[in-house]
Amino acid sequence: MSFANRIGDEWRAGATTRPNINPSDTTEVVGDYAQGSALDVADAVAAAREAFPAWSRSAPMDRHAILMRASSEVAARTEELATLLAREEGKTLADARGEVGRAAQILAFFAAEAVRLMGETGPSIRPGVTVEVTREPLGVVGVITPWNFPIAIPAWKIAPALAYGNCVVFKPADLVPACAWALVDILIRAGLPPGVLNLVMGPGSQVGQALVTARGVDAVTFTGSVGTGRGIAAACVAGTPMKKVQLEMGGKNPLLVLDDADLDVAVRAALDGAFFQTGQRCTASSRLIVTDGIHDRFVAALTEGMAGLIVGHALDPATRIGPVADAGQLATDLSYIEKGRAEGARLVTGGEILNRPTPGHYLSPALFTDASNTMTIAREEIFGPVACVIRVRDYDEGLTVANDTDFGLSAGICTTSLKHATHFRRNVEAGMVMINLPTAGVDPHVPFGGRKGSSYGPREQGSHARDFYTTVKTGYIG
Ligand code: NAD
């Protein structure tokens, strides 16, 4: 079946289509998706510009109603959408259900945000003059998303953009257009006027590039890798007019395990953080920093826990770890595993290609010990089921190692010491900090984002999202 782009009030076929391949069974085509062109982007931007004056002045309660209808439909279709998600991306059905549920929650949260947006008013320093601070939508927002959360990330960008009165041109990841298409279809049928939400699928180098350089786009929100993000930010400020830009990028997230940690809690946090969702999370704990006194017990228990992680087809209920998302990512994972070995880390378990009844990109979760924080596997984001254990003397050295990275998205500590937990929370250089919890797994109603190479610009999610999707106006009334 073929799926078209959405431009203005029409579903428009692309010049070509791209098959969406199931990574659990590469003989299965999930669907054929239109490949858009620079011309399609130009038309989508024009349609969004035309829709903006009316949409930006629409009644907040109408925007609320549309987003709520979309939320209800996503929730009602959880099983079907989760199956689609698991088929196109490879995360397990249970994880996919969680992600679809999250998309529904996000749509509901921002539905309420639409009617929660209020300004401030107060006296000027000049007698008889009043000051009023209000927020206005930006205009047309370009939304560019990665492949690892095919429905939740599009939802957490599109929902606030629409709630605050912006129009959207959405370019999903080429690898996973099915959930993106379904979400757009749901939002359109929920009552969005023509042109308010447009979808142009296709490669980043063409469709994405056309979007970030389009004159009619006022802002770009991007989630993906650092290299792509850097180029997008440069393009956004190089053009006229300059575009507001928000980047959410990679991570090399540390989980610090101290001698006084509850071993079960630490092992559970490491298994989840490092390997669930095949390690393909920006918040994955790829650096396990472990103090001397617990190191050997932790490695033994973690290795035992990993032996119980069943790798298999995403739709098999027994599967805990689905396949790697595609052949390119699998090759990347294998090359990092080779680099880890070559640089002197010890591969304790995993890192092998697995054969399953269906042809897919199956890789056993890999754990390195004897790693140092200077090795490539400890410095660069791998984005696969690969973690390394770095042994440290004590908490102080652990914190130093945790902060010695170009990234700063999420960081975790496992300890029963209030002193160390508190000190870590205050001193670790990350946007999100987890105490006795996995580094991955966040709430939808609070800010999400990081520091250094992980994030650039205002935070996403929760009410803080308005800092990106609106612009502030200060009025003086004499
Ligand atoms: P990617 O950078 O390759 O692609 C992301 C998106 O950008 C895709 O839609 C792609 O088509 C598009 N793109 C590529 N080149 C472009 C260009 N020149 N101009 C405009 N758009 C372009 O990333 P990916 O491989 O899809 O996703 C994995 C990355 O995403 C990892 O680094 C991961 O950490 C990151 N990620 C970050 C977060 C977060 O919130 N911090 C969440 C999920 C994933």
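One-based numbering, in listed order, for ligands and for the atoms of each. All figures in this text were calculated on a predicted structure; none of them were measured in a lab.
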TODO: Name the orientation class of the two ring planes belonging to Trp156 and Phe149 (parallel below 30°, tilted from 30 to 60°, perpendicular beyond 60°).
DONE: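 Correct class here is tilted.
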For [atom], what is the nearest protein heavy atom, given as residue, atom name and distance?
| atom | value |
| --- | --- |
| atom 31 (C) of ligand 1 | Glu381 OE1, 3.3 Å |
| atom 28 (C) of ligand 1 | Phe383 CE2, 3.6 Å |
| atom 14 (C) of ligand 1 | Thr228 CG2, 3.5 Å |
| atom 26 (O) of ligand 1 | Trp147 CD1, 3.1 Å |
| atom 38 (C) of ligand 1 | Cys282 SG, 3.0 Å |
| atom 8 (C) of ligand 1 | Thr145 O, 3.3 Å |
| atom 12 (C) of ligand 1 | Ile144 CG2, 3.7 Å |
| atom 2 (O) of ligand 1 | Ser225 OG, 2.6 Å |

Task: Per atom 40 (O) of ligand 1, closest listed option by heavy atom (Phe448, Phe149, Phe222, Phe407) - done: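 Considering heavy atoms of Phe448, Phe149, Phe222, Phe407, the nearest to atom 40 (O) of ligand 1 sits in Phe448.
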Which part of [X] is near ligand 1, with near meaning a heavy atom under 4.0 Å away: side chain, backbone, both or neither?
| X | result |
| --- | --- |
| Val226 | neither |
| Ile153 | side chain |
| Ala235 | neither |

Task: Geometric cation-pi criterion Arg320 and Phe276, 6.0 Å radius, 45° cone - done: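 Checked: cation-pi criterion met.
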TODO: Decide whether a cation-pi geometry holds between Arg116 and Phe109; the criteria are a distance under 6.0 Å from NZ or CZ to the six-membered ring centre and an angle within 45° of the ring axis.
DONE: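 Arg116 over Phe109 ring: yes.
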Subset of ligand 1 atoms that lie under 4.0 Å from at least one heavy atom of [X]:
| X | answer |
| --- | --- |
| Asn148 | 43 (C), 44 (C) |
| Pro172 | 9 (O) |
| Ala173 | 9 (O) |
| Thr223 | 5 (C), 36 (N), 37 (C), 38 (C), 39 (C), 40 (O), 42 (C), 43 (C), 44 (C) |

Open item on the list: Quick one: does any side-chain atom of Asn22 pair with a main-chain N or O of Glu88 as donor and acceptor, under 3.5 Å?
Closed with: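 It does not hold such a pair.
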Task: Heavy-atom protein contact below 4.0 Å for atom 4 (O) of ligand 1 - done: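 No.
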TODO: Salt-bridge test for Arg49 and Asp218: reply yes if a basic N is under 4.0 Å from a carboxylate O, no otherwise.
DONE: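 Here Arg49 pairs with Asp218 in a salt bridge, since their nearest N and O are under 4.0 Å apart.
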TODO: State plainly whether the residues Lys171 and Asp40 are in salt-bridge range, i.e. N to O under 4.0 Å.
DONE: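 Between Asp40 and Lys171 there is no salt bridge, as every charged N stays at least 4.0 Å from the carboxylate O atoms.
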- [ ] Give yes if a backbone or side-chain nitrogen or oxygen of Gln209 is under 3.5 Å from a nitrogen or oxygen of ligand 1, and no if not.
- [x]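 Yes, at least one N or O pair falls under 3.5 Å.
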Open item on the list: Using the rule side-chain contact (heavy atoms from CB on, under 4.5 Å), only one of Leu256, Ile413, Asn403 pairs with Val428; which is it?
Closed with: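 With Val428 as partner, side-chain contact (heavy atoms from CB on, under 4.5 Å) holds for just one option, Asn403.
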Task: Within-shell test, Gly231 vs ligand 1, heavy atom, strictly < 4.0 Å - done: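 Gly231: no contact with ligand 1 (<4.0 Å).
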